Amino acid sequence: MSHAENIAEDRAPGGARPPSRVRQLAAASIGNAVEWYDWYAYSFLAVYFAEQVFPKGAGNSLVPLLSTFAVFAVGFFMRPVGGLLMGAIADRHGRRTALTLTILLMGGGSLLVALTPTYTATGVLAPLVLVLARLVQGLSVGGEFAASTTFLVESAGPGRRGLFSSFQYVSTTAGQLLASATAALLAALLTEQQMGEWGWRVAFLIGALLSLLGLWIRRGAQETLSDVRGADRPGLFEALRRHPRQSLLICGITAGGTIAYYTWTTYLPTYAQVNAGFDKGEALTVGTLSLIFFALLQPLGGLLSDRIGRKPLLLGFSLGFAVLAVPLLHLVTDTFVSLLLVQCAGMVLLTGYTSVAAAVNAEVFPARVRAAGIGFPYSLTVALFGGTAPYVGTWFKQAGHADLFPWYVAALCLVSFLVYLTLPETSRQELEK
């Protein structure tokens, strides 16, 4: 390809100055990392603020109900709504507008958590404020995947959609690691009492400030939707109404990936503790090491998909988990090395999905409804299968059938394998405008 052709390829919508690939990548990735820092900080620090907001033995029966609702359900219930609403905004008003809105919502939600009053001071208002904050964060993170996925893939240069796609999970993992490190650092610097009284609020204030940094970076990015001001803007449910097959396809693509992702990145340390008597502190160390390994794998998987295609990676991931999920989880013992090897082996297989998921999803829909088309079915599938993975695993254990959980993971991955067999290879095709 000649230099002139390269310039033509890189020209921004409407003939504007071509966007900097690095700036576009940073806008999506850093903002996404901030989003997931705020999301995961809640999980890591809940142990410190739970009794302040949801006291034990509270007289008001609404408090334990709201506690359960906030911790286990609100965020995941709101993610499909966020995927639909923010996706529609991205399709109607541009990807950058949606990305700006999602990071503002997440920063606002994080600030609201930091300022949540105690139950002692305000009564039932305290858990209500926390639930509202989690609603806002769930709405934001549900819309973030839809908007950042489309923005990342549309910003990629020729033959680089897989590479850019991989940074979706690089940044997600970076946010998770940053939240974990912040919580650990605060816990090391402060006493248990200080953490319970005010230390946990610091992490959420940091999240709100980081959101401002992400907002500044995103405001300098260039729009990737070619017709932002067109009169014929898509309706809220147009993607579902006009592309029902593609919407179901997103569910099938995501089902195996999300159960494997949440099992290996979130639930596995708990699985090792519950089923093999693994030490809690060592389980967290293994989880951190494996997440760093996982983040480093993502660009390699993205580059590989640009060379050999998306489909071989997806088939390798899904068939690998369908066959190996049961033996791998049965190999988990109470030794450090066993858990580390099992978790890292799963991460290698999982990369076949995570490194290309954004590209594959974006290549399913035309630009007109791409964000909303991805956002709703993806977030709904994550809520149904990914977010429930820890609870399903725990339920199997409590019911005396712990051995069934690995088969549940394998079965969903087999379903996705059958879906991947039907997919055309799109890595060499032009992205539909």
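Worth knowing before you read on, the calculation uses all heavy atoms, side chains too, and leaves out hydrogens, waters and symmetry mates. Just so we're clear, the structure is a prediction, and the values are computed from it rather than from any experiment.
Electrostatic pairing of E363 and R310 counts as a salt bridge here, judged by a charged N lying under 4.0 Å from a carboxylate O.
Listed for the W36 side chain is no donor-acceptor partner under 3.5 Å among the backbone atoms of L177. Using modelled atom types, no side-chain atom of R79 and backbone atom of F376 make a donor-acceptor pair closer than 3.5 Å. In this structure, the side chain of S140 engages the main chain of T102 through a donor-acceptor pair within 3.5 Å. Listed for the T149 side chain is no donor-acceptor partner under 3.5 Å among the backbone atoms of A146. With hydrogens and angles disregarded, a donor-acceptor distance shorter than 3.5 Å links the side chain of S290 to the backbone of G287. Distance alone, capped at 3.5 Å, is enough to place a donor-acceptor pair between the N361 side chain and the A357 backbone. With hydrogens and angles ignored, the 3.5 Å screen pairs no side-chain donor or acceptor of Q176 with any backbone N or O of T172. Formation of a donor-acceptor pair under 3.5 Å by the S355 side chain with backbone atoms of G352 is not found in this model. Remark: the backbone N or O of L268 is not paired with any side-chain donor or acceptor of Q343 at under 3.5 angstrom. A donor-acceptor pair is defined here as one N or O able to donate and one able to accept, closer than 3.5 Å; such a pair exists between the side chain of K311 and the backbone of L423.
Here the CZ-OG1 distance, from F385 to T388, works out to 7.5 Å after rounding to the nearest 0.5 Å. Annotation: the span from T100 atom OG1 to H93 atom NE2 amounts to 13.0 Å, rounded to 0.5 Å. Here L328 contributes atom CG and L349 contributes atom CG; the two are 7.0 Å apart, rounded to the nearest 0.5 Å. Separating the CG atom in L210 from the CG atom in L205 is a distance of 11.0 Å, to the nearest 0.5 Å. With rounding to the nearest 0.5 Å, the separation of CG in L84 from CG in L240 is 7.0 Å. Going from atom CG of L45 over to atom CG of L186 covers 7.0 Å, rounded to the nearest 0.5 Å.
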Open item on the list: Show, in sequence, the C-alpha distance, side-chain angles and deciding distance for S427 and D306, and conclude whether the side-chain hydrogen bond (donor to acceptor under 3.5 Å, both in side chains) test is met.
Closed with: CA-CA 6 Å; S427 60; D306 286 329; over 6 Å; no
Open item on the list: side-chain contact (heavy atoms from CB on, under 4.5 Å) for S338 and L331? Distances and angles first, verdict last.
Closed with: CA-CA 7 Å; S338 79; L331 285 174; over 6 Å; no
TODO: Please lay out, stage by stage, how I206 and L209 fare under the test side-chain contact (heavy atoms from CB on, under 4.5 Å).
DONE: CA-CA 5 Å; I206 291 172; L209 291 174; 5.6 Å; no
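Both the sub-6.0 Å distance and the 45° axial angle are satisfied by R134 relative to the ring of Y42.
With sequence neighbours excluded, no residue satisfies ring pair (Phe, Tyr, Trp, His ring centres under 6.0 Å) with F204. Residues satisfying the ring pair (Phe, Tyr, Trp, His ring centres under 6.0 Å) test with F417, not counting sequence neighbours, are none. Applying the side-chain contact (heavy atoms from CB on, under 4.5 Å) rule to L296 yields the partners I292; only residues at least two apart in sequence or on another chain are considered.
Applying the ring-ring contact (aromatic ring centres under 6.0 Å, His included) test to pairs two or more places apart or on separate chains, those with a residue in residues 128-177 are F145-Y378, Y169-Y261. Applying the salt bridge (Lys or Arg N to Asp or Glu O under 4.0 Å) test to residues at least two apart or on different chains, the pairs with a partner in residues 206-222 are E144-R218.
Partner L225 forms a side-chain contact (heavy atoms from CB on, under 4.5 Å) with one of R92, R368, R95, R96 and no other, that one being R95. Each of L319, L313, L315, V415 was checked for a side-chain contact (heavy atoms from CB on, under 4.5 Å) with Y420, and the lone residue meeting it is L315.
Donor-acceptor pairing under 3.5 Å is lacking for the side chains of Q137 and S110. Between D38 and S211, the side chains place a donor N or O and an acceptor N or O closer than 3.5 Å (distance only, hydrogens not considered). A donor-acceptor contact under 3.5 angstrom links the side chains of S155 and Q24, judged on distance only. Using modelled atom types, one finds no donor on one side chain facing an acceptor on the other under 3.5 Å when comparing T224 with Q222.
Nearest heavy atom pair, residue R161 against residue V153, reads CD-CG1, 3.5 Å. When every heavy atom of L339 is checked against every heavy atom of A283, the shortest pair comes out as CD2-CA, 4.2 Å. Contact between G373 and D91 at its shortest, heavy atoms only, is N-OD2, 4.5 Å. Taking all atoms of both residues into account, the shortest heavy-atom contact from L115 to R201 is C-NH1, 3.7 Å. The two atoms that bring A410 and V326 nearest to each other are CB-CG2, 4.5 Å, heavy atoms only.
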Donor-acceptor pairs under 3.5 Å, side chain of residues 244-260 to any protein atom, not counting sequence neighbours: which ones?
residue: S247; atom: OG; partner: H243; partner atom: O; Å: 3.1
residue: T254; atom: OG1; partner: I250; partner atom: O; Å: 2.7

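For the pair N32 and Q168, the minimum side-chain heavy-atom distance is below 4.5 Å. Looking only at side-chain heavy atoms (C-beta outward), T263 and F405 come within less than 4.5 Å of each other.
Ring-centre distance between F396 and W407: not below the 6.0 Å cut-off.
Relative orientation of the Y353 and F317 rings is tilted, given thresholds of 30° and 60° on the angle between their planes. The aromatic rings of Y271 and Y267 sit perpendicular to each other, their planes meeting at more than 60°, with 30° as the lower class boundary.
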